[in-house]
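What follows is a single structure, written as structure tokens, with notes after it.
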Amino acid sequence: ITGAEVSMAGWCAGMLRRCSVQASRPGLHGGHACIRRAVCETHSLGASAGALSRTRGGRTRGDLLGVTRHTQMQHAMTPRHVRSKSSKASVAQLNTDDDDDDADDADDGFDQDDVDEGPVVPTASVIDFDSWDPNVLHVLPIGGCGEIGMNMTLYGFNNEFIMVDAGMMIADRFEIPGVNIIVPDVSCVAPLVKDGRLKALIITHAHEDHTGGIEHVWPQMRIPIYATKFAANLVRFKIYENTGYDIDWKIIKPSPTVDTDFKIGPFDVSMFPVTHSMPECYALVLRTPGGTIYHTGDWKFDADPQIGAPINLGELKRLGDEGVLALIGDSTNAIRPGWSTSEGEVRQGLIDLFKEVDQGDHRGAIIVTCFATNIARLESIAIAARSIGRKVAIAGRSLFTARAVATVTGYLDNFDEHDPILDANDTWSAYPRHTQVIICTGCQGEPQSVLQQAAAGKHLWFQPGRGDTIVFSSSSIPGNEHAIRGMKASLKKAGARIIDNTGDYVTHATGHPNQDELREMFNLVRPRLALPVHGEVRHQEAHAKIALECGVKETANPRDGDVYSIQPSGLQRLSSIDVNYLASDGTDLTSISREELLAPSVRAAAIALITLRLDSANNAMASPHITIRAFKRDLKERADLLMEELPAEILRLLDTARGEEPLQDRPALRTFLTTELNAFATAAMGEKTAAMVHIKDHAVAERDRVGGGS
């Protein structure tokens, strides 16, 4: 047993002791949640009864987050699996504490404006994979295009397919009541799962926007996952803790070159090491008889990354000499000029800042909040603490997890049993504050994080105050700004000094390439084609412009659901599917469309989606098609009642409208129905409920149903 394993074992034992104490306190259930074991029932993919149910505390949770009923509807392939966590709040903390700064230049995560991509292409809810030419490379972004987060990309060649990453997106920016995270809905690849053509999921690195969806979507795919040791351990720890799934992990030890590391069907795969903001981040070189793809993953050029080596520019040039058909790459910082800041600059900035604090008037505790999985940052904070002779300790669950996994996988080896990173629960009251540096969770203002709880005066033992300095070694993820501002205000009111990256010291560095780094990448790899991904529309457009300036022959700005063929002759958008998403409140999942997600109505507690088939005189020619999505579980019974009452109310309103000449116009009728049904549904539910009404001409709808439509 190695020292690292002993460290991990000791940490786990400590956590179990805390869980036992917590479980013994009235009203606290976190301990039970930590030590429970999942009992999973699995069903076939797409089964209408649901793909997964799970027992918790002796009872089965079988209901979705929302209530979905259809008066006329075939069961779809939407997965309806259920999962549990110890609390809703812990989900938000887990999924933001250890994310990186993908959203540095994001507004709200989604771009609603579409870019003209030329000719109209077919749109559908399912994909005809059999129509794809097996001798041509195909790519389908399922998530990560037009938004920050949810990165997931499907590649296909010769009737065999691989998935790259399976991320999540924080839902706070959409203000949907009760919803914490959103992940891609993989039901679109159900045919590939059914016939065994989807071979594997490859993980480029362990950030939540690339891995946070695994526990939700893997039960629908049940395929091997290829990852390196750090990513596999970090993700496996979280997934097993939350679900109990026993996933087939393929642990890869990549070479430092662009040479092939392993093969999956027709894909020769190289995991090429790149610098980002956590250990073991990789680009993928996908070689096939149809051409070579360079999938960048998250990256930056950092000559001084502190952990790991800089990107090998010679290997990238060698790959370019070999010939790259297409680069599919990170667009996050494509609107930022110049080069990104090095992690080495952050380390020196923290050392300088700590020395200034130690010699100044605010000579209390130094408290640093950052993204938990930035192991180089944790090491830099610890080294800065050493430089002024202070003890360093951590507070927050995700930090304990990251430290444990980093220790087991060989990182943080400068901090052994003689000079360890301690537990702040043990040090805070045991040592004078001016001798301590505390690293804690809460850089995004998460409700249950250590710093937010302390700011609200609710933490059991951690209360920063006068004389203490709080350093934000992070950026704000869109949607979290309000929470962060409020938290900072409370900490200032308590007398603490607040320092962030906007001041005199460098306290944070992005993990993504700025414009000059993108130019350098294109000059080295020299791809013929480029597909910018991982960003909003404006990021993708800026990335595409740089690619063309660097000699790339053709680019396109894909959206989630766009199917592209990639050939030496160029890029062709073959079709576009309506990709749905899965919204989670921490316990249950429900499918939600992009339209619903972007609509202002999602700010309501529930949405009623109503489709009517009317003749030219506005008579109902079929029963209304109704779906109700309730974003709070306690609205389920009222949603059932509303479902029973709505058809009669719709018919009553149509009778009223036929007697009013101005309402014979369809737009006016839709506005009238929407307004009246909003009021009716809100009264029935007892909370704001939005009605979204769609009217179809019965003759057109019937023509489309029998296949006569275009």
Notebook entry, point to check: With sequence neighbours left out, what residues match Ala679 under side chain to side chain contact (heavy atoms under 4.5 Å, CB included)?
Noted result: none
Margin query: Test your reading of the model: is there a side-chain donor-acceptor pair from Arg222 to the backbone of Gln220, 3.5 Å cut-off?
Written below: no
Next item on the list: Using the test side-chain hydrogen bond (donor to acceptor under 3.5 Å, both in side chains), find all partners of Asn678 that sit at least two apart in sequence or belong to another chain.
Entry: none
Next item on the list: For Asn619, check side-chain hydrogen bond (donor to acceptor under 3.5 Å, both in side chains) against everything at least two apart and list the hits.
Entry: Asp615, Arg658
Checklist line | side chain to side chain contact (heavy atoms under 4.5 Å, CB included) involving Asp165 - partner list, sequence neighbours excluded | finding: Ile203, Thr204, His210
Next item on the list: Please list, chain by chain and in numerical order, all residues satisfying salt bridge (Lys or Arg N to Asp or Glu O under 4.0 Å) with Glu687, sequence neighbours excluded.
Entry: Lys632
Next item on the list: Please answer whether the main-chain N or O of Glu536 pairs with a side-chain N or O of His539 as donor and acceptor at a distance below 3.5 Å.
Entry: yes
Check: Taking only residues two or more places apart in sequence, or in another chain, which ones meet Glu660 in a side-chain hydrogen bond (donor to acceptor under 3.5 Å, both in side chains)?
Finding: none
Item checked: Contacts of type salt bridge (Lys or Arg N to Asp or Glu O under 4.0 Å), residue Glu676, not counting sequence neighbours -> none
Check: Okay, side chain of Arg670, backbone of Val693: is any donor-acceptor separation there less than 3.5 Å?
Finding: yes
Check: Can you check whether Phe157's main-chain N or O pairs, donor with acceptor, with Glu160's side chain at less than 3.5 Å?
Finding: no
Next item on the list: Mark yes or no for whether Thr211, through its side chain, and Gly167, through its backbone, hold a donor-acceptor pair below 3.5 Å.
Entry: no
Notebook entry, point to check: Could you give the distance from CD1 (Ile650) to CD1 (Ile626), rounded to the nearest 0.5 Å?
Noted result: 4.0 Å
Next item on the list: Would you check, one step at a time, whether the test side-chain contact (heavy atoms from CB on, under 4.5 Å) holds for Tyr581 with Asp185?
Entry: CA-CA 5 Å; Tyr581 307 103; Asp185 183 343; 5.6 Å; no
Next item on the list: State the NE2-CE distance between His207 and Met168, to the nearest 0.5 angstrom.
Entry: 12.0 Å
Check: With Phe161, which residues qualify under ring pair (Phe, Tyr, Trp, His ring centres under 6.0 Å), at least two apart?
Finding: Phe129, Trp132
Check: Between Val193 and Val186, is any pair of side-chain heavy atoms under 4.5 Å apart?
Finding: no
Checklist line | Close side-chain approach of His138 and Leu574, heavy atoms under 4.5 Å | finding: yes
Check: Going from OG on Ser575 to CG on Asp128, what distance comes out if it is rounded to the nearest 0.5 angstrom?
Finding: 9.0 Å
Note to self: Going by side-chain contact (heavy atoms from CB on, under 4.5 Å), Thr671 matches just one of Thr675, Leu669, Thr674. Which one?
What the structure shows: Thr675
Next item on the list: Would you name the heavy atoms of Cys188 and Ile577 that are closest together and state the gap between them?
Entry: CB-CD1, 3.6 Å
Margin query: Would the distance check show the side chain of Gln540 and the main-chain N or O of Pro532 forming a donor-acceptor pair, the cut-off being under 3.5 Å?
Written below: yes
Note to self: Restricting to non-hydrogen atoms, name the atom on Gly144 and the atom on Asn151 that form the minimum distance, rounded to 0.1 Å.
What the structure shows: CA-OD1, 3.7 Å
Check: side chain to side chain contact (heavy atoms under 4.5 Å, CB included) with Ile223: which residues, sequence neighbours excluded?
Finding: Leu198, Leu201, Met221
Checklist line | Over 12 foreign heavy atoms within 6.0 Å of NZ, Lys545 | finding: no
Margin query: Is any side-chain heavy atom of Phe680 closer than 4.5 Å to one of Thr689?
Written below: no
Next item on the list: Indicate yes or no: at least one non-hydrogen side-chain atom of Trp218 is less than 4.5 angstrom from one of Ile239.
Entry: no
Checklist line | From CA spacing to verdict: side-chain contact (heavy atoms from CB on, under 4.5 Å), Ile214, Ile247 | finding: CA-CA 10 Å; Ile214 293 176; Ile247 294 174; 4.2 Å; yes
Check: Rounded to the nearest 0.5 Å, how far apart are CZ of Phe672 and CG of Leu654?
Finding: 8.5 Å
Check: Taking NZ, NE, NH1 and NH2 as the nitrogens, is one of them in Arg538 or Glu541 under 4.0 Å from a carboxylate oxygen of the other?
Finding: no
Check: Closest approach of Gln452 and Pro447, non-hydrogen atoms and distance?
Finding: CG-O, 3.9 Å
Next item on the list: Taking all heavy atoms of Gly213 and all of Val183, pick out the closest pair and write down the distance.
Entry: CA-CG1, 3.7 Å
Checklist line | Nearest-0.5 Å distance, CG of residue Asp562 to CG of residue Leu571 | finding: 11.5 Å
Next item on the list: Using the test side chain to side chain contact (heavy atoms under 4.5 Å, CB included), find all partners of Asp195 that sit at least two apart in sequence or belong to another chain.
Entry: Arg197
Check: Looking at CG of Leu531 and NE2 of His543, how far apart are the two atoms once the value is rounded to the nearest 0.5 Å?
Finding: 10.0 Å
Next item on the list: Give the C-alpha distance, both sets of side-chain angles, the deciding distance and a yes or no for side-chain contact (heavy atoms from CB on, under 4.5 Å) between Ile610 and Leu673.
Entry: CA-CA 10 Å; Ile610 302 164; Leu673 291 173; over 6 Å; no
Notebook entry, point to check: What pair of heavy atoms forms the shortest contact from Ala691 to Leu677, and how long is it?
Noted result: CB-CB, 3.8 Å
Note to self: Show, in sequence, the C-alpha distance, side-chain angles and deciding distance for Ile328 and Ile566, and conclude whether the side-chain contact (heavy atoms from CB on, under 4.5 Å) test is met.
What the structure shows: CA-CA 11 Å; Ile328 298 178; Ile566 305 175; 4.2 Å; yes
Next item on the list: List in chain and number order the residues that pass salt bridge (Lys or Arg N to Asp or Glu O under 4.0 Å) with Asp133, two or more places apart in sequence or in another chain; answer none if no residue qualifies.
Entry: none
Item checked: Minimal non-hydrogen separation, Ile484 against Gly445, with atom names -> CG1-N, 4.0 Å
